[in-house]
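First up is the structure itself, then whatever we jot down about it.
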Amino acid sequence: MKAPLISLVFLLAIQVEAQEVHIPLNEGWSFCQVGQERWYPAEVPGVVQTDLLRNGLIPDYMQGSNIDSVQWIENEDWIYKRNLFVADTLLRHGHLDLVFKGLDTFAEVYLNDSLIGKADNMFRTWEWEVKRHLKKGENELKVIFRSPIKEGAKLREAYGIQLPHDNDPSGVSPYIRKAAYQFGWDFCPRLVTSGIWKGVELRAWSGARILNAEMEFEIDSNEGEALLNLMFDSDALRKPGLKVFLNDSLLHSWRFHDGEMDAMDHIVISKNVLDRWWPIGFGKQPLYKIRVEVYEDRKLLSTFSRSFGSVNVNALSFVDDVGSSFGFYINGRKVFAKGCNLIPPSLTPSMISDSMWVAQVRHMQIAGMNTVRVWSGGIYPPEAFYYACDTAGILVWQDFMIANLVPAEGDFLKNIKAEAYEHVSRMKHHPCLALHCGNNELRVAWQNWGWQERYGLNGGEARRIIETNEALWTKELWQIAPGMYTPTSPLSNWGNARGLTEGDLHYWGVWHGDSTFSSFKNNVGRFVSEWGFQSYPDSALLAKYIHPDSLYLGSSAVARLQRSYKTDRPIWEAIGRELGEERPTTLGGFIEASQRAQAKAYGMAIEAHLAAQPHCMGTLLWQLNDCWPGPSWSIIDYEGNPKPAYEVVKRLYSAP
C-alpha cells in the first residue's frame with residue numbers, strides 16, 4: 001500500500017513574549033431595540049428572538065400560530081452591549097484580538113465608542129486587533145445589528161437586478177450571506193434572526209501564534225513511508241523552538257539559532273505508522289493527533305492540535321458506455337453511498353448545541369448509513385459533527401452554503417471566498433470529508449424552472465447572472481476546495497432519459513411530479529442524491545405545539561404546519577393509491593397512514609437503487625431530520641423520534 005504524503009503548513013505571527021490565552025466574553029450581555037433604549041439581559045450565544053422570548057416580550061414562536069406574530073423582528077435594528085474589565089497583566093501582551101465566532105449578520109462592533117469593524121456574513125469568524133482601543137479598567141463593548149431585510153434591500157438596489165427568490169417573499173435573501181432556510185422553505189416557516197449566534201472571546205498573545213496546521217494527503221512512493229513537511233512564516237525570535245508530537249509522542253523538535261523560522265524540514269514517519277481510514281463497513285477508522293508547540297527561550301508561546309486520518313478519495317465521475325458515472329472510490333475501493341441529506345436541527349442556529357449535531361450522526365450510524373450530504377440551505381456544522389463522522393466512518397458530502405443565485409462579483413465574491421476558505425481550512429483534515437459541492441440545484445433551476453420568464457431576466461442581465469455564478473461554482477470555489485469537488489447538485493435533471501445516465505440526480509417525480517411509488521424503479525440515476533416522500537410526526541409531538549382544541553383533522557392549526565406548495569394532496573393520494581385504504585377520518589388515522597405510506601416509498605426507492613448497482617452508486621434520501629414540528633420528508637422528527645420509515649431504511653441500509 002502506498003503511504004500518504006502529509007504536508008503541515010504552519011503560519012505564525014511574531015511579536016513579544018507571553019503564552020497565548022483565550023478569555024471567554026459570553027457573559028454579562030444586555031440588549032435593546034434601537035430607538036427604545038430599554039435594556040434587558042441577553043444570552044450569548046443567542047439571537048434577538050430567543051432573548052425577546054426569554055424576557056417575556058414575545059410569545060413562544062414554536063407554539064400555535066405565534067410564528068406569524070414575530071415576523072416584525074426582522075425589520076428592526078438591535079443593540080447588544082457588555083462591560084469588559086482590563087487589568088495591567090492583560091495589556092502587557094503584544095496582541096489583544098477580539099474574536100466573534102459568529103455574527104448574524106449585518107453588525108457594527110464598537111469598543112469604547114470607537115468603531116473597530118463591521119460584519120456582513122453569518123458564516124464567517126470576525127476578529128480585530130483591539131489593544132490600542134482598550135484602556136485599563138472598565139471598557140464597553142457594543143454591537144449594533146442592522147435589519148437583514150433592510151440591508152439586503154440596499155444590496156439588491158446596488159446590484160440592480162432582482163435575483164430569483166422562490167422561497168423568500170421579501171426577495172432579499174440572494175444578497176445576504178445568511179442561512180437560506182431562515183427565509184422559509186418547504187419544510188419550515190420563516191424566522192430571520194439577528195444576534196451574536198456563536199461565542200465571543202478576547203485572545204491575548206505575544207511572541208508567536210500558530211494559525212493553522214494543514215494535512216494534505218497525496219500518494220507517495222512505494223516505500224510505504226509518510227513524509228511530513230513543515231513550513232514556517234515568521235519574524236525573528238531570539239531563540240525560537242518548535243516541537244511536533246504525533247499521538248502525544250515527540251516526533252521531532254527544532255531549535256533555530258539564526259533567529260528565523262522560515263526554513264523547511266522534512267521528517268519521514270516510519271513505515272506502517274499510519275493505517276488507512278475507511279468508511280463504515282469497509283474497515284476501521286484510525287485517527288491520529290498532531291500537536292505543535294512553539295517556544296521562545298524554552299517558554300511555551302502557542303499550542304495547536306488536531307486529529308486527522310489517512311484516506312484517499314477519488315474517481316467521482318468518469319465517462320463510460322452508459323454516460324457519466326458518479327460515485328466514490330475510497331482507498332481504491334468502490335463504495336456504494338447509503339445515506340441521507342442533513343438540515344439544521346433547529347430554526348434558530350444559536351440553539352443548536354454540539355450534542356444535537358452529534359445526535360444526528362448517531363441516527364445515521366444506527367441506520368447503517370455511510371454517507372451524509374450537508375445541504376447548502378442551512379449552516380456549516382461545528383467541529384464536533386465532523387469528528388463524530390470521523391469516528392463513525394460516515395463520509396461527508398459538504399455543500400457550500402449557496403442555495404440561491406447570488407451577485408457573484410466584487411465585494412460579494414470576496415466575501416464568499418473568504419467564507420469558503422475559512423471553512424475548508426478547518427474541515428480539510430477530517431478523513432470523513434469526501435466531497436465539496438458548489439451549490440444546491442442552481443444549474444438545473446436556471447435551465448428548467450422558468451426563472452428567466454418569472455423574474456423578467458433576459459439579454460445582458462441573464463448572461464451576467466449565469467456567467468458570474470458559473471464562474472463562482474466552477475472556478476472560484478473549486479480552487480479553494482481540496483480534492484473531490486462538483487460544481488452543483490444535481491448534475492442531471494429528472495424527467496428525461498438523459499438524466500438517468502449522467503452524474504447525480506435529484507429524483508422528484510414522486511411528490512413534486514405526482515408519480516406513483518413504482519416510478520422509483522424506473523428512474524434510477526447514476527447517483528440519486530435527493531428523493532423522498534412526506535409524512536406527519538406523531539400526534540403526541542404535535543400536542544406539545546398545538547392547543548388540544550385544534551388537534552383534529554382539518555383544523556387551521558394543523559394545516560398551517562404544511563409548508564409545501566403541494567399541500568397534503570400527495571399524501572392523501574398515496575393513502576388511497578399505494579396503501580389501498582379508505583380516506584382516514586381522524587387526525588391520528590391520517591398521521592399513521594402518512595407514515596406507513598412514507599415507509600413504503602422509502603423501501604421501494606432504496607431497493608431500486610441498491611438493485612441497480614453498479615449503474616447506480618449512491619442513494620441519499622431527503623431528509624434525515626427536522627427543524628420544525630410539522631410534516632416533512634424526514635425519517636427523524638423534530639424531537640429526535642424515529643418514524644416508521646427509519647426502521648425500513650435501517651433494515652435495507654444495514655443488510656450485507
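Worth knowing before you read on, the calculation uses all heavy atoms, side chains too, and leaves out hydrogens, waters and symmetry mates. Here, residue 1 is the first one in the sequence, and each next residue gets the next number.
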Under the ring pair (Phe, Tyr, Trp, His ring centres under 6.0 Å) rule, collect the residues that match up with W397, sequence neighbours excluded. F326, F527

Partner residues of K136 under the side chain to side chain donor-acceptor pair (under 3.5 Å) criterion, sequence neighbours left out: D88

V109 vs L98, side-chain contact (heavy atoms from CB on, under 4.5 Å): CA-CA, chis, key distance, verdict: CA-CA 10 Å; V109 180; L98 182 61; 4.1 Å; yes

Taken in chain and number order and not counting sequence neighbours, the residues that satisfy side chain to side chain donor-acceptor pair (under 3.5 Å) with N55 are none

So does E201 pair up with K101, basic N to acidic O under 4.0 Å? yes

For K289 and S305, which I'm curious about, is there any donor-acceptor pair between the side chains at under 3.5 Å? no

Qualifying salt bridge (charged side-chain N to carboxylate O under 4.0 Å, His left out) pairs, either residue in residues 61-75, two or more places apart: E74-R190

Whether the R563 and N167 side chains hold a donor-acceptor pair (N or O, under 3.5 Å, no angle test) is what I'd like checked. no

According to side chain to side chain donor-acceptor pair (under 3.5 Å), who are the partners of T348, at least two apart in sequence or on a separate chain? S346

Taking only residues two or more places apart in sequence or in another chain, which ones pass ring pair (Phe, Tyr, Trp, His ring centres under 6.0 Å) with F183? none

Could you verify whether a donor N or O on one side chain and an acceptor N or O on the other, from S302 and E20, lie under 3.5 Å apart? yes

Validation: residues 378-389 side-chain donor-acceptor distances under 3.5 Å, sequence neighbours left out:
residue: Y380; atom: OH; partner: M401; partner atom: N; Å: 3.3
residue: Y380; atom: OH; partner: E419; partner atom: OE2; Å: 2.7
residue: E383; atom: OE1; partner: H430; partner atom: NE2; Å: 2.9
residue: E383; atom: OE2; partner: R426; partner atom: NH1; Å: 3.1
residue: Y386; atom: OH; partner: Q398; partner atom: OE1; Å: 2.5

Can you sort out the partners of Y181 under ring pair (Phe, Tyr, Trp, His ring centres under 6.0 Å), two or more places apart, ordered by chain and number? none

Between N247 and S249, does any side-chain donor sit less than 3.5 Å from a side-chain acceptor? no

Considering the options F400, W633, F187, which one meets the ring-ring contact (aromatic ring centres under 6.0 Å, His included) requirement together with W375? F187

Partners meeting side chain to side chain donor-acceptor pair (under 3.5 Å) with T50 (sequence neighbours left out): none

Going by atom type alone, with no hydrogens or angles, which donor-acceptor pairs under 3.5 Å involve a side-chain atom of residues 111-120 and a protein atom two or more places apart or on another chain?
residue: N112; atom: OD1; partner: E140; partner atom: N; Å: 2.9
residue: N112; atom: ND2; partner: H133; partner atom: O; Å: 3.1
residue: N112; atom: ND2; partner: N139; partner atom: OD1; Å: 2.7
residue: D120; atom: OD1; partner: N415; partner atom: ND2; Å: 3.0

Please, which pairs that meet salt bridge (charged side-chain N to carboxylate O under 4.0 Å, His left out) have at least one residue in residues 29-50, sequence neighbours excluded? E43-R54

Can you sort out the partners of Y175 under ring pair (Phe, Tyr, Trp, His ring centres under 6.0 Å), two or more places apart, ordered by chain and number? none

Electrostatic pair E151-K154, nearest N-O below 4.0 angstrom: yes

